[in-house]
Novice: 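Before I ask anything, let me first share the structure, which is written out below as C-alpha cells.
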Amino acid sequence: MITVECIKLYVTKIMKKKILLLGSGELGKEFVIAMQRLGQHVIAVDNYENAPAMQVAHEFEVINMLNGAELDRVVLKHQPDFIVPEVESIRTERFYDYENKGITVIPSAKAVNYTMNRKAIRDLAVVDLGLKAAQYQYATSLNELKEAIYCIGFPCVVKPLMSSSGKGQSIVTTEFDIENAWDYAISGSRGDLMEIIVEEFINFDYEITLLTLTQNDGNTLFCPPIGHRQERGDYQESWQPMDMENRHLQVAQEMASRITSALGGSGIWGVEFFIARDVVYFSELSPRPHDTGMVTLAGTQNFNEFELHARAILGIPVLSIPLLRNGASSVVLAEKENKNSPVYLGLEEAAKIPNTDFKIFGKPSTHKFRRMAVALAYGTENTSFLVNKAKKISSILSVD
C-alpha cells in the first residue's frame, strides 16, 4: 500500500537535490535564488567570504578553487548531486573524476574543460565542427607571438588562453604594441599557463549573445537574441531582442546547436557571435548564465536565464521561451576602492522612473570598474530607447 509518507519520500528523492555552486558572484546569487524557489539545497563556494551567492545559499565554503586538494575536500564533504561552475578560475580537470564518481557536472565535465580553454573550444568549433570564426594562431613566447601577428595581420586581438572578464585581452595595431600585448596577456592568464591566442580582428556590424537551453529530453531552445556593448572586455549594456535578419539568426542557432551538442549536457549556454559583412562568426562560449543575459531579469521572457538554468539542471522541461516585452540593462560600476561595506546612493531617485528596476549585488568591497549592480528598463518601446533609460538609472545610482 502506498502511504502519504512513501509519496513524500519519493518526491524528496526525486526533487530535493544538493547543488555545489563553484563561484558566488552576482550571477551565482540569482542562480541560488532560482534554485531555492524550486526547493533545492545550495552550497556556495568562492575564494572570499560574504560573496553575493553566499548571502542567499544554505551553506558556504571559502577555498581557493584552483587548489585541487581543497576542491576535492569540499566535494567529499558535501557529496553533491550537481556541481555547477559559475567562474573560470577552477581546477576544472578534476571534474572528470567527479563525473566518473556519479556526480553530475553542469553541463558536463567536457563542456566546462573545453570552454575554460580558448584553444580547446576554438579547435573544436573550427577544426572539428567547421564553424566560421576569425582566423587564429597560438603563441608560447614573444617571438611566436610576433610570427603569429605578422601572419594574421594588423589589427589583431591578443588574449590569454584561459582568463575571464576580458583580463589580459588587447588589440594590437602596430608592431610597437606587441611586447606590451604579450606581457598583458600573460599577466591576465589563469594559473601558470604561458600560451596565448592571436585572433583576426573582425570589424563587426554588431555582436550578440544567443542564450541556448539544452535539456534532458533533447529539446534545445533559444532565447531571443541579446545585443550588447563592451568596454575593457566587460559588458556595459545589453538589450533584448537584438534586431537582426532572420537568416543570420538561423545560422547562429544552427551553430549554437552543433557546438552545445558536441559538448553535451543540460543547462543554459551563452554563445557569442559577431555579425559582419553578411557573415556570422562564432566568437566565444560560456556553459552557464551569461552576464549580458542579466537583461532577462527585466521580465523579457517567461523565465529568466537563471530560472532556465535551474530547470534544465533538475530536468524540469521548458516548452518554449517567448519574448514577453523588450528590455535593456546597464551596469553600475564602482569608481574607487573601498574595503568596507559599500553604500549605495540614488536608490529613491532611480525608483521614481517608471518601468525600470535595479538589482544590487551585495559585494562586500569595491575596486575601480568593479560591477556592483545592474539597472533594468522594460516596455514596448524600441531597445535603443530602453538602453538609454537603463543608462539613466545606472547614472543615478552610485557606490560610495
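Just so it is clear, the values below take in all heavy atoms, side chains as well, and ignore hydrogens, waters and symmetry mates. Keep in mind that this is a model prediction, so the values were computed, not measured.
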Novice: Any side-chain heavy-atom pair from F154 and I149 closer than 4.5 angstrom?
Specialist: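 Contact flag for F154/I149 side chains = yes.
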
Novice: How many angstroms lie between atom CD of Q215 and atom OG1 of T220, to the nearest 0.5 angstrom?
Specialist: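 Here the rounded value is 7.5 Å.
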
Novice: Roughly how far apart are L213 CG and I321 CD1, rounded to 0.5 Å?
Specialist: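 Nearest 0.5 Å value for the CG-CD1 distance: 5.0 Å.
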
Novice: Between L333 and R371, which heavy-atom pair has the shortest distance, and what is it?
Specialist: CD2-CA, 3.8 Å

Novice: Atom OG of S394 and atom CE of M372: how far apart are they, to the nearest 0.5 Å?
Specialist: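 Result: 14.5 Å between the selected atoms.
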
Novice: Is there a side-chain contact between Q55 and N50 (heavy atoms, below 4.5 Å)?
Specialist: yes

Novice: What I'd like to find out is whether the side chain of V87 reaches to under 4.5 Å of the side chain of L27, using heavy atoms alone.
Specialist: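 They are not in contact (no side-chain heavy atoms under 4.5 Å apart), so the answer is no.
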
Novice: Taking the side chain as C-beta and beyond, is there a heavy-atom pair between V62 and M54 under 4.5 Å?
Specialist: yes

Novice: With a 6.0 Å cut-off (strictly less than), is the heavy-atom count around CD of Q79, excluding the residue itself, greater than 12?
Specialist: yes

Novice: Going by an N to O cut-off under 4.0 Å, is there a salt bridge joining D97 and K101?
Specialist: yes

Novice: Report yes or no: do T92 and N113 form a side-chain donor-acceptor pair below 3.5 Å?
Specialist: yes

Novice: What are the two closest non-hydrogen atoms of T214 and G265, and how far apart are they?
Specialist: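 Looking at all heavy atoms of both residues, the shortest contact is OG1-O, 2.9 Å.
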
Novice: Kindly indicate, with the supporting measurements, whether the criterion side chain to side chain contact (heavy atoms under 4.5 Å, CB included) is fulfilled by L131 and F273.
Specialist: CA-CA 11 Å; L131 304 187; F273 296 94; over 6 Å; no

Novice: Under the side chain to side chain donor-acceptor pair (under 3.5 Å) test against E199, which residue among R122, Q137, Q169 passes?
Specialist: R122

Novice: So does M65 get a backbone contact from the side chain of S89, meaning a donor-acceptor N/O pair under 3.5 Å?
Specialist: no

Novice: Would you call E337-R370 a salt bridge at under 4.0 Å N-O?
Specialist: no

Novice: Only one of L347, L376, L297, V374 passes side-chain contact (heavy atoms from CB on, under 4.5 Å) with F358; say which it is.
Specialist: L347

Novice: Among T292, T209, D291, which residue satisfies the side chain to side chain donor-acceptor pair (under 3.5 Å) criterion with H228?
Specialist: T209

Novice: What's the verdict on side chain to side chain contact (heavy atoms under 4.5 Å, CB included) for K17 and I313, showing C-alpha distance, side-chain angles and the deciding distance?
Specialist: CA-CA 10 Å; K17 301 295 183 181; I313 291 169; over 6 Å; no

Novice: Look only at the side chain of E30 and the backbone of F306, and say whether a donor-acceptor pair between them is shorter than 3.5 Å.
Specialist: no

Novice: Verify side chain to side chain contact (heavy atoms under 4.5 Å, CB included) between V84 and M35, making sure each step is shown before the conclusion.
Specialist: CA-CA 12 Å; V84 181; M35 274 295 185; 5.7 Å; no

Novice: Quick check: are there more than 12 heavy atoms from other residues, nucleotides or ligands sitting under 6.0 Å from CG of D400?
Specialist: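 12 or below, so no.
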
Novice: When you check the gap from the basic side-chain N to the acidic O, do D278 and R247 get nearer than 4.0 Å?
Specialist: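 Salt bridge between D278 and R247, a charged N being under 4.0 Å from a carboxylate O: yes.
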
Novice: Do I226 and L221 belong to the same hydrophobic cluster, where Ile, Leu, Val, Met, Phe, Trp and Tyr are linked whenever their side-chain heavy atoms lie under 4.5 Å apart, directly or via other members?
Specialist: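 Yes; tracing contacts between hydrophobic side chains, which count when under 4.5 Å, links both residues.
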
Novice: To the nearest 0.5 Å, tell me how far I103 CD1 sits from K18 NZ.
Specialist: 10.5 Å

Novice: Using the rule that two of Ile, Leu, Val, Met, Phe, Trp, Tyr join whenever any of their side-chain heavy atoms come within less than 4.5 Å, decide whether L285 and Y138 are in one cluster.
Specialist: no

Novice: Between L249 and P225, is any pair of side-chain heavy atoms under 4.5 Å apart?
Specialist: yes

Novice: Tell me whether the guanidinium CZ or amine NZ of K110 lies under 6.0 angstrom from the six-membered ring centre of Y114 and within 45° of its axis.
Specialist: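 Satisfied, under 6.0 Å and within 45°.
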
Novice: Above 12 or not: heavy atoms from other molecules or residues under 6.0 Å from CG of N64?
Specialist: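 Enclosed: over 12 neighbouring heavy atoms sit under 6.0 Å from CG of N64.
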
Novice: Which residue in the set D217, N219, N216 passes side-chain contact (heavy atoms from CB on, under 4.5 Å) when paired with P317?
Specialist: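 When D217, N219, N216 are each tested with P317, the side-chain contact (heavy atoms from CB on, under 4.5 Å) holds only for D217.
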
Novice: Does the side chain of K119 reach to within under 4.5 Å of the side chain of I197, using non-hydrogen atoms?
Specialist: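 No. Closest side-chain heavy atoms not under 4.5 Å.
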
Novice: With the side chain counted from C-beta on, respond yes when F303 and I268 share a heavy-atom pair under 4.5 Å apart, and no when they do not.
Specialist: no

Novice: Heavy-atom distance under 4.5 Å between the side chains of V331 and Y235, does that happen here?
Specialist: yes

Novice: Say whether F361 and I396 are linked into one hydrophobic cluster, either directly or through other cluster members, by side-chain heavy-atom distances under 4.5 angstrom.
Specialist: no

Novice: Just do the salt bridge (Lys or Arg N to Asp or Glu O under 4.0 Å) check on K29 and E86 with the steps written out, would you?
Specialist: CA-CA 10 Å; K29 184 173 188 175; E86 191 234 0; over 6 Å; no

Novice: In terms of relative ring orientation, are Y98 and F95 parallel, tilted or perpendicular, with 30° and 60° separating the classes?
Specialist: tilted

Novice: Is the shortest side-chain N to carboxylate O distance from E175 to K146 below 4.0 Å?
Specialist: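 A salt bridge is absent here (no side-chain N lies under 4.0 Å from a carboxylate O).
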
Novice: Determine whether a donor-acceptor pair (N or O, by modelled atom type, separation under 3.5 Å) exists between the side chain of E200 and the backbone of Q135.
Specialist: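 Checked: pair present.
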
Novice: Do the side chain of S330 and the main chain of A375 share a donor and acceptor less than 3.5 angstrom apart?
Specialist: no

Novice: Report yes or no: do L210 and V251 belong to one cluster of Ile/Leu/Val/Met/Phe/Trp/Tyr joined by side chain heavy-atom distances under 4.5 Å?
Specialist: yes

Novice: Look at the side chain of S283 and the backbone N and O of F274, then say whether any donor-acceptor pair between them is shorter than 3.5 Å.
Specialist: no

Novice: Is there a path from F385 to V387 through hydrophobic residues (I, L, V, M, F, W, Y) whose side chains come within less than 4.5 Å of each other?
Specialist: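 In one cluster: no.
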
Novice: Evaluate whether atom NZ of K392 has more than 12 neighbouring non-hydrogen atoms of other residues, nucleotides or ligands under 6.0 angstrom away.
Specialist: no

Novice: Less than 4.0 Å between a side-chain N and a carboxylate O, is that true for K359 and E26?
Specialist: no

Novice: Is there a donor-acceptor contact under 3.5 Å linking the side chains of E59 and H41?
Specialist: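 Yes, side-chain donor-acceptor contact under 3.5 Å.
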
Novice: List for me each residue that meets salt bridge (Lys or Arg N to Asp or Glu O under 4.0 Å) alongside R258, sequence neighbours excluded, and say none if there are none.
Specialist: E254

Novice: For the pair D205 (side chain) and R277 (backbone), establish whether a donor and an acceptor sit closer than 3.5 Å, ignoring hydrogens and angles.
Specialist: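 Between the backbone of R277 and the side chain of D205 there is a qualifying donor-acceptor contact (under 3.5 Å).
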
Novice: Any chance you could measure D81, atom CG, to I19, atom CD1, to the nearest 0.5 Å?
Specialist: 7.0 Å

Novice: Checking T174 against D177 for the side chain to side chain contact (heavy atoms under 4.5 Å, CB included) test, could you report, in this order, the C-alpha distance in whole Å, the side-chain angles of both residues, the deciding distance, and whether it holds?
Specialist: CA-CA 6 Å; T174 73; D177 301 327; 3.6 Å; yes

Novice: Looking at CD of Q250 and CD of E245, how far apart are the two atoms once the value is rounded to the nearest 0.5 Å?
Specialist: 11.0 Å

Novice: Answer yes or no: are there more than 12 heavy-atom neighbours, outside R229 itself, under 6.0 Å from its atom CZ?
Specialist: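 Yes, enclosed.
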
